[in-house]
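For reference, the structure is listed below as structure tokens.
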Amino acid sequence: PEAAVAYNNRGFAHRNMGQYDLAIADFTKVIELHPEAVVAYNSRGLAYDAKKEHELAIADFTKAIELDPEDPVAYNNRAFTYDDTRNYDMAIEDYTKAIELDPEDAVAYRNRGLAYRHKGSYNKAIEDYSKAIEIDPDSPKAYRNRGLAYSVRAKYDLAIADFTRVIELDPESTGSY
């Protein structure tokens, strides 16, 4: 077990340094040692996603879900990859499942809002961003994203209020100036 933990920790370090091939090798070793290691599949999937190897990422997230269908992280990760590949309906489905499993996950609401926005469903996006803000009122990303959706809907006063809140929460952010 010690070796698997060491490989896993080293894999995290490699991934955080942008050394995705080395991270993938370490997470693969963890999986060889412990084929039921959900976290290793999730982590390797994130490394594949960072390399834009989306099919391999989706396969790893799917395996993590098969091993632990009650893990909202795996659904959220797979949804993010689906969104990245413009498969918005599948992304929304997985984000919805992640939210069912963890209704207080502001990031899942924010990300589902992004998928809705990409799909052109701005009202649903605004609903999800608003829920994310209700859960985490200090999230500049949720305010920024909702402001963008309000702008598309020509609700400029609301957009300005959200962008102003982003500036208050994150004065260094250039996305709201």
Salt bridge (Lys or Arg N to Asp or Glu O under 4.0 Å) evaluation trace for K141 with D170: CA-CA 10 Å; K141 289 181 180 179; D170 185 9; over 6 Å; no
Evaluation steps, side chain to side chain contact (heavy atoms under 4.5 Å, CB included), between H54 and Y48: CA-CA 7 Å; H54 300 299; Y48 280 133; over 6 Å; no
Working for side chain to side chain contact (heavy atoms under 4.5 Å, CB included), residues L158 and D162: CA-CA 6 Å; L158 294 171; D162 277 355; 5.8 Å; no
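Here the straight-line distance linking atom CD of E100 with atom CD of E70 works out to 10.0 Å at 0.5 Å rounding. The CG atom of L169 sits 12.5 Å away from the CZ atom of R144 when rounded to the nearest 0.5 Å. Between the CD1 atom in I65 and the CG atom in D60 there is a gap of 11.0 Å [rounded to 0.5 Å]. Here K119 contributes atom NZ and R86 contributes atom CZ; the two are 15.0 Å apart, rounded to the nearest 0.5 Å. From K155, atom NZ reaches atom CD1 of I126 across 5.5 Å, with rounding to the nearest 0.5 Å. Between N42 atom CG and D71 atom CG the span is 5.5 Å, to the nearest 0.5 Å.
Closest approach of F163 and S151 over heavy atoms only: CE1-OG, 3.8 Å. The shortest non-hydrogen separation linking A64 to A74 is CB-CB, 3.9 Å. Across all their heavy atoms, A125 and Y116 have their closest contact at N-CB, 3.8 Å. Closest heavy-atom contact between P69 and L101: O-CD1, 3.7 Å. Nearest heavy atoms, A132 versus A106: CB-O, 3.4 Å.
Partners of D102 according to the side-chain contact (heavy atoms from CB on, under 4.5 Å) rule, which considers only residues two or more places apart in sequence or in another chain, are P72, E104, D105.
Taking 4.5 Å as the limit, every side-chain heavy atom of S121 sits out of range of all side-chain heavy atoms of Y88. In this structure the side chain of F27 never reaches within 4.5 angstrom of the side chain of V39, judged on heavy atoms. Counting only heavy atoms from C-beta outward, the side chains of N76 and N111 approach each other to under 4.5 Å. In this structure, R117 and L114 have side chains that are in contact, with non-hydrogen atoms separated by less than 4.5 Å. Residues D136 and D138 meet the side-chain proximity criterion, which asks for heavy atoms closer than 4.5 Å.
Within 6.0 Å of OH in Y150 there are more than 12 heavy atoms belonging to other residues, nucleotides or ligands. No more than 12 heavy-atom neighbours from other residues, nucleotides or ligands sit within 6.0 angstrom of CZ on F80.
Linking ILVMFWY side-chain heavy atoms closer than 4.5 Å, directly or via other members, places I24 and L56 in a single hydrophobic cluster. V38 and V30 fall into different hydrophobic clusters, where Ile, Leu, Val, Met, Phe, Trp and Tyr are joined by side-chain heavy atoms under 4.5 Å apart, directly or via other members. The hydrophobic clustering, which links ILVMFWY residues whose side-chain heavy atoms are closer than 4.5 Å, places V166 and I133 together. When hydrophobic clusters are built by joining Ile, Leu, Val, Met, Phe, Trp and Tyr residues whose side-chain heavy atoms come closer than 4.5 Å, directly or via intermediates, M90 is grouped together with I58.
With respect to K124 and E127, no salt bridge is recorded, no charged nitrogen being found less than 4.0 Å from a carboxylate O.
Panel note: side chain Y143, backbone P137; a donor-acceptor pair is recorded below 3.5 Å. The main-chain N or O of G113 is found under 3.5 Å from a side-chain atom of Y129 such that the two form a donor-acceptor pair.
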Compile the donor-acceptor pairs under 3.5 Å between side chains in residues 16-23 and protein atoms, sequence neighbours left out, one pair per line.
unit_1, atom_1, unit_2, atom_2, d
N16, ND2, F12, O, 3.3
Q19, OE1, H14, ND1, 2.6
D21, OD1, K51, NZ, 2.3

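The side chain to side chain contact (heavy atoms under 4.5 Å, CB included) test with F61 singles out one residue from L46, D94, V73, and that residue is L46.
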